[in-house]
Amino acid sequence: MKRLLFLALTGSLALLFVITMWQDTNREWTRYQRQFVRSLSKDERRGAQTGIRQLIVPGLERVDRCTTCHMAIDKPQLALAEEPFTAHPGQFLAWHPPEKFGCTVCHGGQGLATETAAAHGDVKHWEEPLLRGDLVQASCRQCHGDLSKVSAHVPLLSEGKGLFQAKGCYGCHAVKDVGQTVSVDLTEVGSKSYLLLEADFEMMEPPHDRIHWLMAKLDNPRHLNPGVRPEQLPPGEEEVFPSAMPNFNLSDSELKALTVYLLSLKAGDLPASFVTHEPEAAVLTYASPVEWGKAVYEKVGCTACHGIGGSGGRHNWNAALGTEVPPLTYVRAYYGSNVEALKALIRDGRQPAPRGLPNRPRPPLYMPAWKDRISEQELDALVAYLFSLSGEPVQPAAPPAPAEPAGSEPPAPTPS
Amino acid sequence: MAEPQPAPAKPDLMQQVKKTKLWKSIFRHDFSDTPRTRLIRIFGNVFLHLHPVRIAKDALRVTYTWGLGGISFYLFLLLTVTGILLMFYYRPTSAVAYQDIKDLTFVVTLGGLLRNMHRWAAHLMVVVVILHMVRVFLTGAYKPPREYNWVVGVLLLVMTLFLSYTGYLLPWDQLALWAVTVGAQMAANSPILGNEGPFKLPFITPFNDARFGLIGGTVINDATLIRFYVLHCIAVPFIFTVFLCVHLWRVRKDSFSKQTGEKVDVWPHLVSREFLATLLVTVVLFVWSLLMNAPLEAEANLNVTPNPSKAPWYFLGLQELLVYFDPWIAGVVLPTVIVIGLMAIPYVDTNPKGVGSWPKMGWKRLGPLPIWYPTERPFAVSVFMIGVIMWFVLIFIGVSCRGPNWEWYWPWESWSYRRMTKLTLKNIPNLWGLALMGAYFLFGSPIPKAVKDRIAAKAGPKAPALVSAALHFGLGLVMAAALIIPILTAKDADFPLRSQYTTLFESLGRAVNAPAVAAMWHLVQNAGPAVGYGVIGAVILGLGLALGAIGVPFGRLKDRMFDEMGLIKYTIVISLFMMMTGVLGKIFLRLLFGVKYLFSLPVFNFNI
């Protein structure tokens, strides 16, 4: 009995050791390397390097082992080969020598890994997913501060940057020193940890990574953050409104462009020798104060809440001024005789926004203070533009009263 | 086995070789299976020499020891070997530590296996050492003359946990950082020496308190990493080895606890079993390491706190106790009491029975209930096992039933970060709390025989029993009253302005987490105050009488124990026992009555 047990245990130990050695010598990457070497002609095989290959990039503190499987990135004759043996498209490797840049600084993913899923960042606990296809444009902005010089290669990024401006994102979000503080600062949204991002993966299907979370968020903010209604909560606990971020009804391409732009907003920890800085914005001159004001209106992001041309308000729960952000077509009617009051309102904002019902939470959107972000000259131009919005001269029609009765609000927020 | 053919020339050569000095200095005895060689094998080998030459046959039975001590020792050796190999690949600085672990996983030959084995062997060692202790307790193997070795064993258990804990930080991932943070935070809460603990000394600051000593800073950083690295790889293993030598040496000196059965030779009977056990453990660990990878989360980041942050599993029982007690109790006082209590066991357990065999179980009727109980050492075995089971139940709750914000999730439920549970927890006024705790601990007081005799002499033979009954029913009623009356009547200190609720009864009655109080509140609301308070009064009476009814037989046990043990041993035993059940009691108070503290001195940060 003991002898049998001894034999069985020793045998299984030996077997286990063989299995581990076999596993260790037949890792995923060795299969790819064998496949690659087999595809070479005989005289080419002699020079082929096998084993783990890595690019050690001291300047960027990275070790990238991608070339262990992607063995042909520097062989242009393999441009049409199947992955992972495709040559790197374009002239990019000539412009960015791999030994100076590595792979992951542009493409994301986990350079240290030697298994496909782990290397591509499709695993838990790795928060830098692979930037597949066009998404890689997100990385260019880390160094190319002046996008105009590489504009031919970064159409999505440029479009996204434009959209960020055009949709008025700056009205609520800050990126570095531009933008407002109504909502989250987006300066490092492309690199900060999922926990700090408050990435609520609970409401979305996998894959749970930064790219898909940003896309889901932009596609329909309230889908990810539907709030918590009073009836879902223990008694006495304050309800949580759904995301106040408007649904911009972005098209698929716009969605992608904006995602690329957001992914490009990374913590800038690259050495100065890599980085070129954004040029100073050209000082534009405008034909009229109204045009100038329109430019200001769009630049600082009023559109996000007040709508294009000041026409459509966004939903703002439990706001005393009505559940829609006030439209600006009545500005002349209301402030025509008191321009200073209007300027003061823009300079200092109205924060926090007064509540409609005192027992419900504060309205998520509010008018922030603009005095640090809009100069006095720009403010004059902006007022001129706002006055121009109503088109006709002063209307005697009733303006929206600031202290609209609170009871007019529906009892529960509509999630649409 | 084939018979060796006597070849003409070969044996001669072999004989020649065997006569050389070289051969003789390496193989110092022949290998024939004779009593003499069996003996020489043990005597002549420094490692095997730790064994006796002969051993009782019954002590060899696997079902007696389960080989747990030997397996612990083997796991320690295995951990040393894998640990040394891992040290070749690991640099203890925050800049590269995490990358080195990634390298082990992805590029080092058999590196993943090495790390997995080290990790799982460490977990297994904690389990096996605890089980070894349970085995030694249950077979009474700590009783004289082995008391001292039990104490050494408890120290080895503590060191095993500390080794595991210091190793937990080294991968430098989020799991490691925050698990160690939880543990380090407990050091900051130690009484007197911790900056956040009760009664801290006037010169204690975050920069010289117990946590600073443990982690070498106010937050976990490079200083902690190198400190834990040295502790894990050199300092603690060194001390561990010293104690281990003493432990093994004492086993040999004090002889085995099982002496029945004929004596057999240790070689081959014991040595072969030991070898098989190590083989078995190796195979199990090998398979485990092949099937499951050691966890590695994102790189450590002090700015990102995962929710929940959990300590290593063997400390999760203590972390779970944080729900019911302040950190200085759950994290410092209770572990200290547990360790000292364990060490005290052989010195306070005077029962000579039950050495060398597993507890004999028997059936007994207690009122209407049949009870399965250990016949020879009923009190010792039951109390110890209740303690062990409590420890593992708390660990299970901490590991499997706690999610974000430390809320309760069943193991099959998925966590939700959107769930919110509003807890209403209230303090009982200090005087009532003192009365409750005082009555509770007086419940452990005995009536010595001398006192009983004097009572009997004065007031007749039935008087001592009556006095005992009066004492226990009285204390039971005091406890019931001191719990429920303040909840009914005391003002809620959190609402001094009478803006919302005014009494604890209203606050807790409307809370969702105090079912007992809520039931009373609804009773008073629905049935009217007269009926409601009447019923509650009856409940107080019933609860007090029930406690008294438990107390009377408990009193007989106490009195007997006191007479057998004497004052000092009895005090130690009953204090440990009352503390253990007190922990259970506090858990029930918290879960049923929403009681946060029984006694609170916020000025000194002293809350119970």
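Order of the sequence lines sets the chain letters (A, B, ...), proteins ahead of strands, with each chain counted from 1. Note that this is a predicted model, so its numbers are computed, not measured.
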Locate the shortest heavy-atom distance separating B:Arg273 from A:Lys2; write the atom from each residue and the value. NH1-NZ, 3.3 Å
Does atom CZ of B:Arg61 have more than 12 heavy-atom neighbours, drawn from other residues, nucleotides or ligands, at distances under 6.0 Å? no
If you count heavy-atom pairs under 4.5 Å between each of A:Glu127, A:Met203, A:Gln110, A:Lys192 and chain B, which one has the most? A:Gln110
CD-NE2 distance between B:Glu299 and A:His125, expressed to the nearest 0.5 angstrom: 14.0 Å
Evaluate whether atom NZ of B:Lys57 has more than 12 neighbouring non-hydrogen atoms of other residues, nucleotides or ligands under 6.0 angstrom away. no
Test side chain to side chain donor-acceptor pair (under 3.5 Å) applied to A:Asp209 - qualifying residues, sequence neighbours left out: A:His212
Picking from A:Leu13, A:Thr25, A:Leu196, which has the most non-hydrogen pairs under 4.5 angstrom with chain B? A:Leu13
To the closest 0.5 Å, what do you measure between CD (A:Gln23) and CG (B:Leu113)? 9.0 Å
Just checking heavy atoms, which of residues 96-112 of chain B are less than 4.5 Å from chain A? B:Tyr98, B:Gln99, B:Lys102, B:Asp103, B:Thr105, B:Phe106, B:Val107, B:Val108, B:Thr109, B:Leu110
Side chain / backbone / both / neither for A:Phe17 at chain B, heavy atoms under 4.5 Å: both
Taking CD in A:Glu205 as the centre, count heavy atoms belonging to other residues, nucleotides or ligands within less than 6.0 Å. Is the count above 12? no
Assess whether atom CD of B:Glu413 is packed by more than 12 heavy atoms of other residues, nucleotides or ligands within 6.0 Å. yes
Side chain, backbone, both or neither: which part of A:Ala118 has a non-hydrogen atom closer than 4.5 Å to chain B? side chain
Working to the nearest 0.5 Å, report the span between CG of B:Asn116 and OG1 of A:Thr20. 11.0 Å
Looking at chain A, which one of B:Leu276, B:Thr282, B:Leu290 has the largest number of heavy-atom pairs inside 4.5 Å, strictly under? B:Leu276
B:Lys596, NZ: over 12 other non-hydrogen atoms inside 6.0 angstrom: no
Interatomic distance, CZ@B:Phe275 vs OG1@A:Thr10, rounded to 0.5 Å, equals 6.5 Å
Side chains of B:Thr305 and A:Leu195 in contact at under 4.5 Å (non-hydrogen atoms): no
Tell me whether the count of non-hydrogen atoms from other residues, nucleotides or ligands lying under 6.0 Å of CZ in B:Phe31 goes above 12. yes
More than 12 heavy atoms from other groups under 6.0 Å of CD on A:Glu198: no
Point-to-point distance, once rounded to the nearest 0.5 Å, from CG of B:Leu279 to CG of A:Leu5: 8.5 Å
So what's closer than 4.5 Å to chain B heavy atoms on A:Val63: side chain, backbone, both or neither? side chain
